[in-house]
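Have a look at the structure below before the remarks.
Hydrogens, waters and symmetry mates are skipped; everything else that's a heavy atom, side chains included, is used.
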Amino acid sequence: MMSSKYFAIGAIGAALGVAIGAFGAHGLDGKITQHYIDIYETGVRYHMYHCIGIMLIALLAGRIGESKLLRAGANLLIAGVVIFSGSLYALALSSVDVLGAITPIGGVAFIAGWICVAAAAWRAKGNRAS
């Protein structure tokens with residue numbers, strides 16, 4: 001059952017995003033430069049957006065039916081959170097700038113995921129009777 005599984009994954013991811021964001025706001029102040037705080041906050045922001053997106057995909061699956069495209073979209077958003085946000089967290093905490101080279105891979109996963117969701121919604125619209 002895609003709907004409940006992916007909704008739970010998104011909700012757990014969002015809870016982790018809140019915890020990671022709180023750690024950044026309260027635990028990193030004065031420990032890393034503002035430049036790295038900004039990078040960390042970007043990671044948290046995209047983390048939260050895409051976890052909410054995963055929950056919305058789960059709701060969409062419940063409405064239009066499960067599909068390989070919706071599952072691929074959700075999985076790509078999960079990968080994007082791990083790669084995009086994870087690389088930004090690692091970069092901010094370690095100051096190893098080469099980690100920033102990984103970040104665009106996560107961004108591509110986000111874009112591909114949303115394209116999959118759009119295609120699934122488009123196909124579902126075409127399959128419904130007017």
Side-chain angles (χ1 to χ4, degrees):
M1 182 144 285
M2 181 182 173
S3 299
S4 59
K5 176 183 174 184
Y6 282 90
F7 198 92
I9 289 169
I12 291 166
L16 286 171
V18 171
I20 290 167
F23 169 76
H26 302 290
L28 296 179
D29 193 32
K31 294 188 173 56
I32 62 175
T33 66
Q34 186 60 47
H35 171 71
Y36 289 116
I37 292 282
D38 293 344
I39 289 170
Y40 191 91
E41 288 176 350
T42 297
V44 172
R45 188 169 49 255
Y46 278 77
H47 183 147
M48 290 300 296
Y49 291 159
H50 288 87
C51 285
I52 293 167
I54 293 163
M55 291 185 288
L56 290 173
I57 292 168
L59 294 175
L60 181 62
R63 181 175 170 113
I64 68 171
E66 297 179 15
S67 71
K68 289 181 182 179
L69 278 171
L70 280 181
R71 188 176 308 277
N75 286 333
L76 284 163
L77 293 191
I78 292 166
V81 169
V82 171
I83 298 166
F84 184 92
S85 295
S87 67
L88 292 181
Y89 300 147
L91 168 61
L93 295 172
S94 70
S95 302
V96 176
D97 289 331
V98 73
L99 290 169
I102 299 167
T103 308
I105 297 167
V108 169
F110 286 148
I111 294 165
W114 288 118
I115 290 170
C116 287
V117 172
W122 187 264
R123 283 185 179 177
K125 177 181 179 250
N127 291 335
R128 286 193 302 251
S130 297

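We find the CD1-CG distance between Ile115 and Leu69 to be 11.5 Å, quoted to the nearest 0.5 Å. Put simply, OG on Ser67 and CE on Met2 are 6.5 Å apart, with the number rounded to the nearest 0.5 Å. One finds the CZ atom of Arg71 at 13.0 Å from the CG atom of Leu76 (value rounded to the nearest 0.5 Å). To the nearest 0.5 Å, the span separating SG on Cys51 from CG on Leu56 amounts to 11.5 Å. Put simply, CD on Glu66 and CD1 on Ile57 are 13.0 Å apart, with the number rounded to the nearest 0.5 Å. Considering CE of Met48 and CG of Leu16, their distance stands at 10.0 Å, rounded to 0.5 Å.
Side chain of Ser3 to main chain of Gly62: a donor-acceptor pair is present (N/O by atom type, distance under 3.5 Å, no hydrogens or angles). Looking at Ser85, its side chain never comes within 3.5 Å of a backbone N or O of Val82 through a donor-acceptor pair.
Nearest heavy-atom pair, Ala120 versus Ile64, reported as atom, atom and distance to 0.1 Å: O-CD1, 3.9 Å. Scanning all heavy atoms of the two residues, the minimum distance from Ile78 to Tyr6 falls at CD1-CE2, 3.9 Å. Pairing each heavy atom of Ile20 with each of Tyr89, the nearest pair is CG2-CZ, 3.6 Å. The heavy-atom pair separating Gly24 from Tyr40 by the smallest distance is CA-CE2, 3.4 Å. The two residues Ala101 and Pro104 have their closest heavy-atom pair at O-CD, 3.4 Å. Nearest approach of Ile39 to Ala92, heavy atoms of both residues: CG2-CB, 4.3 Å.
Linking ILVMFWY side-chain heavy atoms closer than 4.5 Å, directly or via other members, places Phe110 and Met55 in two distinct hydrophobic clusters. No continuous path of hydrophobic side-chain contacts links Val44 to Tyr49 [ILVMFWY only; heavy atoms under 4.5 Å]. Cluster membership for Phe84 and Ile102, using ILVMFWY side-chain heavy atoms within less than 4.5 angstrom, is shared. Ile52 and Ile111 are not part of a single hydrophobic cluster, where members link through side-chain heavy atoms under 4.5 Å apart.
Heavy-atom contacts from other residues, nucleotides or ligands closer than 6.0 Å to CG of Asp97 number more than 12. Annotation: Tyr46, atom OH; neighbour count of heavy atoms from other residues, nucleotides and ligands within 6.0 Å does not exceed 12.
Between Val117 and Leu70 the shortest side-chain heavy-atom distance falls below 4.5 Å. By the 4.5 Å heavy-atom criterion applied to side chains, Tyr36 and Leu93 are not counted as neighbours. Using a 4.5 Å heavy-atom threshold, the side chains of Asp29 and Ile37 count as separate.
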Begin from the C-alpha positions of Ile9 and Lys5 and carry the test side chain to side chain contact (heavy atoms under 4.5 Å, CB included) through to its verdict.
CA-CA 6 Å; Ile9 289 169; Lys5 176 183 174 184; 4.0 Å; yes

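The aromatic rings of Trp114 and His50 are tilted relative to each other, their planes meeting at an angle between 30° and 60°.
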